[in-house]
Amino acid sequence: MNRTMARNEEVPQTPLSKPIERGYVKQLILDIRREKLLYLMLLPGILFFVLFKYLPMLGTVIAFQDYQPFAGIMKSPWVGLKHFHRFFTDPVFWMLFKNTLLLAVYNLIFFFPLPIILALMLNEVRKQIFKRFVQTIIYIPHFISWVVVAGLTYTMLTTEGGIVNEAIASLGASKVNFLLSNDWFRTLITSQVVWKETGWGTIIFLAALAGVDQQLYEAARIDGAGRWHQLWHVTFPAIRTTIVLLLILRLGSFLDTGFEQIFLMLNSGNRDVGEVFDTYVYTSGLLNAQFSYSTAVGLFKSVVSLILVISANALAKKFGEEGVY
Amino acid sequence: MRERSLGSKVFDAANHFVLLLVGIVTVLPFLYVISGSLVSSEELLVKKVVLIPTHISWDAYRYIFSSKIIYQSLLNTVFITVVGTFINLLLTTLMAYPLAKKKLRGRNKIMLMIVITMLFNGGMIPTYLVVKSLGMLDTYWSLWLPIAISAFNLVLLRNFFQQLPEELEESAKIDGCNDLRILYRIVVPLSLPAMATFALFYAVGHWNSYFSAVIYINNSNIWPIQVWLRQIVMLSTGGFTDANALSEVVVPPESIKYAVIVVAAVPVLLLYPFLQKHFAKGVLLGSVKG
């Protein structure tokens with residue numbers, strides 16, 4: 001683990017505040033002349049980042065305009081904070097806020113602990129063949145597209161011949177319209193995440209567990225520790241820092257409820273609890289062509305996310321971890 | 001060795017049992033759609049829900065492949081995936097290699113430029129407007145170029161290149177090789193396992209992607225399979241209007257949906273053994289820091 005840390009060490013320390021030495025540009029030009037090919041190789045990549053990352057960042061200025069496609073950014077009138085004002089005073093803001101927050105909390109409570117528990121359980125298996133067999137199976141859903149997952153959900157839960165509702169009906173109860181219901185939406189979304197990502201989530205913990213010194217178990221056994229004691233005093237401490245780090249990172253991406261997933265499960269029956277910031281940007285922006293307003297909504301979300309990520313990273317560093325960037 | 005206690009044995013048994021259960025829950029949905037796609041209309045009519053068909057019928061597959069929609073969109077997706085992955089690898093490698101050179105002036109500034117994009121982005125609408133103004137709507141360029149480089153993969157690949165011994169490159173340089181030649185003759189062959197991992201992850205990403213196509217592509221003739229899957233299964237608006245009526249058999253609409261799901265998922269499942277060989281390494285290359 002320490003090796004990986006050392007390898008990545010240069011990434012975070014980018015000298016932003018270092019003053020540019022005199023003659024830097026001159027030196028750079030000299031270097032570019034000498035190493036023409038190397039700098040030429042950078043060019044397509046730089047072009048990519050400028051075109052598809054930095055140009056859209058500049059494009060967010062339309063949040064402060066009444067953007068009209070035919071006038072373009074240059075000629076569209078500036079309107080200040082009009083769109084932000086509209087968004088924050090609209091009841092839809094609180095709806096989106098609540099929906100996003102609740103989905104994130106559901107995820108934290110019902111999904112987050114599962115990979116940890118599953119990894120600990122896998123770690124207790126001594127037959128390597130059985131362990132590898134289970135691992136092979138539980139990683140599969142991670143590679144399946146959200147469309148297929150949503151398709152599976154639809155076909156299993158539909159009231160017209162879905163296996164779940166047929167089972168309910170055969171017990172004599174009345175069918176439940178899971179897919180079109182406000183009450184079931186969060187449960188559905190969270191269950192999908194659990195099914196798709198729990199297995200994959202164990203990898204990081206299993207890697208941490210693989211690094212545990214076997215002599216520690218030996219020593220614990222000699223001291224008379226049973227399996228529960230070993231689990232609690234040897235195994236668990238080995239992944240504690242990983243848990244804390246992942247928890248902090250999760251807080252950093254708190255607003256990032258899986259957009260593709262939610263978009264696929266949204267319908268007229270569950271929009272009240274299912275609409276989140278990203279899906280709202282799509283419907284109000286691209287479907288209803290309110291470019292400026294939806295860009296303002298998106299910008300609000302991006303800024304809050306940025307603040308969350310930066311604070312999460314600072315927090316991670318406080319815990320003695322390396323952080324993400 | 002000490003005799004294992006009863007409690008320990010019970011614990012092991014329960015643990016195995018629960019893990020087996022987890023495995024079953026994971027594969028059950030797949031089994032359900034696969035058998036659902038193979039069931040015959042007569043059997044479905046009698047039993048309503050069939051977990052294991054007594055008689056395998058390929059009618060649903062014959063039906064969906066009698067329509068142009070499925071195989072055309074499969075071909076589209078293969079094309080999108082192959083070209084897209086090639087573009088990803090080409091651009092990521094070309095940029096990662098110079099950035100791995102510690103002496104390269106301006107390297108840290110470019111790295112900062114890349115890291116910033118991991119923290120903040122312009123969002124859906126401004127990106128859409130850029131893609132639109134570049135005239136890429138309704139072309140596959142809109143699916144390839146806006147995601148040509150994953151900043152995360154780029155940083156990982158650069159770190160990987162940095163670990164390679166510099167002596168090899170230096171000796172090649174003395175022999176008169178230029179940097180591009182060194183890259184594809186020495187560096188890339190040395191990094192093949194890492195490159196394979198990136199290729200597989202990029203490819204799965206392209207195969208599974210649907211939302212870019214929803215936004216950028218209106219022409220349903222060039223839609224990828226995932227978009228059709230959504231139309232057919234969730235919106236039930238994807239009519240196989242050109243499907244061969246197969247007058248002698250009636251194919252249940254559920255079976256058609258199941259068959260489309262299977263067709264969209266199978267290629268990834270076939271890739272999975274290769275993925276599995278590499279991904280643990282690939283994932284750990286970057287994500288385990290604690």
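Per chain, numbering begins at 1; letters A, B, ... match sequence-line order.
- The distance from atom CD1 of Ile46(A) to atom CG of Leu91(B), rounded to the nearest 0.5 Å, is 12.0 Å.
- Contacts between Tyr39(A) and chain B at a heavy-atom distance below 4.5 Å involve the side chain alone, from C-beta outward.
- Heavy atoms only, all atoms of each residue included: Ile163(A) and Tyr32(B) are closest at N-OH, 3.2 Å.
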**Report entry** Asp12(B)/Lys127(A) under salt bridge (Lys or Arg N to Asp or Glu O under 4.0 Å): CA gap, chis, key distance, verdict
**Finding:** CA-CA 11 Å; Asp12(B) 273 333; Lys127(A) 289 196 194 83; over 6 Å; no

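- Checked against the 6.0 Å centroid criterion, the rings of Trp228(A) and Phe11(B) qualify as a close aromatic pair.
- Considering only heavy atoms from C-beta on, Asp179(B) comes within 4.5 Å of Glu35(A) through its side chain.
- Contact check for Tyr154(A) versus Lys257(B): no side-chain heavy atoms found under the 4.5 Å cut-off.
- Looking at Leu271(B), neither its backbone nor its side chain comes within 4.5 Å of chain A, counting heavy atoms on both sides.
- For Phe211(B), the parts lying under 4.5 angstrom from a heavy atom of chain A are both the backbone and the side chain.
- For the set Leu38(A), Ile137(A), Thr295(A), Thr158(A), the entry with the most heavy-atom pairs within less than 4.5 Å of chain B is Leu38(A).
- For Ile110(B), the part sitting under 4.5 Å from any heavy atom of chain A is the side chain, from C-beta outward, and nothing else.
- For Leu206(A), no part lies near chain B; criterion is any non-hydrogen pair under 4.5 Å.
- Of the two parts of Asn267(A), neither the backbone nor the side chain holds a non-hydrogen atom closer than 4.5 Å to a non-hydrogen atom of chain B.
- Two residues are said to be in side-chain contact when any heavy atoms from C-beta on lie closer than 4.5 Å; Leu42(A) and Leu104(B) meet this criterion.
- Taking CG from Leu119(B) and CD1 from Ile307(A), the interatomic distance works out to 12.5 Å, rounded to the nearest 0.5 Å.
- Annotation: Trp141(B) is not in aromatic contact with Phe52(A) [ring centroid separation under 6.0 Å not met].
- A pairwise comparison of heavy atoms in Val25(B) and Trp195(A) identifies O-NE1, 3.3 Å as the closest pair.
- For the set Thr136(A), Leu28(A), Leu55(A), the count of heavy-atom pairs under 4.5 angstrom toward chain B peaks at Thr136(A).
- Contact of the Leu286(A) side chain with the Ile125(B) side chain is registered, since non-hydrogen atoms from C-beta on lie closer than 4.5 Å.
- Using a 4.5 Å cut-off between heavy atoms, Val303(A) contacts chain B through both its backbone and its side chain.
- Leu129(B) is listed as a side-chain neighbour of Ile62(A), based on a closest heavy-atom distance under 4.5 Å.
- In terms of heavy-atom proximity, Val18(B) sits nearest to Met121(A) at CG1-CE, 3.4 Å.
- Under the 4.5 Å side-chain criterion, counting only non-hydrogen atoms from C-beta, Glu254(B) is not in contact with Thr155(A).
- The distance from the CG atom of Asn15(B) to the CZ atom of Phe130(A) is 8.0 Å, given to the nearest 0.5 Å.
- Exactly one of Val149(A), Leu152(A), Ile144(A) qualifies for a side-chain contact (heavy atoms from CB on, under 4.5 Å) with Ile261(B). That residue is Leu152(A).
- Ranked by heavy-atom pairs shorter than 4.5 Å toward chain B, the options Tyr54(A), Tyr67(A), Phe133(A), Phe291(A) are led by Tyr54(A).
- Pairing each heavy atom of Val134(A) with each of Leu19(B), the nearest pair is CG1-O, 4.2 Å.
- Of the possible polar contacts, none joining the Asn121(B) side chain to the Ser302(A) backbone as a donor-acceptor pair under 3.5 Å is found.
- In plain terms, the two heavy atoms of Met41(A) and Pro98(B) that are nearest each other are CB-CG, 3.8 Å.
- Dense packing is recorded around CZ of Phe120(B), with more than 12 heavy atoms of other residues, nucleotides or ligands lying under 6.0 Å away.
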Report task. List the steps and the verdict of side-chain contact (heavy atoms from CB on, under 4.5 Å) for Lys53(A) and Ile116(B). Result -> CA-CA 10 Å; Lys53(A) 300 290 168 182; Ile116(B) 286 174; over 6 Å; no

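- Panel note: side chain Tyr210(B), backbone Glu260(A); a donor-acceptor pair is recorded below 3.5 Å.
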Query raised in the report: Could you go step by step and tell me if Tyr24(A) and Arg105(B) meet the side-chain contact (heavy atoms from CB on, under 4.5 Å) rule?
Result: CA-CA 9 Å; Tyr24(A) 179 85; Arg105(B) 200 176 294 274; 4.0 Å; yes

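- Put simply, the side chain of Tyr139(A) never gets that close to the backbone of Tyr272(B): no donor and acceptor are under 3.5 Å apart.
- The greatest number of non-hydrogen atom pairs below 4.5 Å with chain B, out of Val125(A), Asp278(A), Asp31(A), is found for Asp31(A).
- Residue with the most contacts toward chain A among Leu145(B), Val33(B), Asn178(B), Leu183(B): Leu145(B) (heavy-atom pairs, distance under 4.5 Å).
- The structure places CG of Leu37(A) at 9.5 Å from CD1 of Ile182(B), a figure rounded to the nearest 0.5 Å.
- Only the side chain of Leu269(B) comes within contact range of chain A, with heavy atoms under 4.5 Å apart.
- In this structure the side chain of Thr117(B) reaches within 4.5 angstrom of the side chain of Met57(A), judged on heavy atoms.
- The two residues Pro56(A) and Pro126(B) have their closest heavy-atom pair at O-CB, 3.3 Å.
- Among Val204(B), Leu229(B), Ile147(B), Val227(B), the residue making the largest number of heavy-atom pairs under 4.5 Å with chain A is Leu229(B).
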Query raised in the report: So Ile87(B) and Phe48(A), side-chain contact (heavy atoms from CB on, under 4.5 Å) or not? Walk me through it.
Result: CA-CA 12 Å; Ile87(B) 293 175; Phe48(A) 162 79; over 6 Å; no

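- Interface remark: Leu58(A) contributes no atoms to any contact with chain B (heavy atom separation under 4.5 Å).
- A distance of 8.5 Å separates OG of Ser133(B) from CD1 of Ile73(A), quoted to the nearest 0.5 Å.
- Here Ser145(A) is the residue among Ser145(A), Ser294(A), Gly199(A) with the most heavy-atom pairs under 4.5 Å with chain B.
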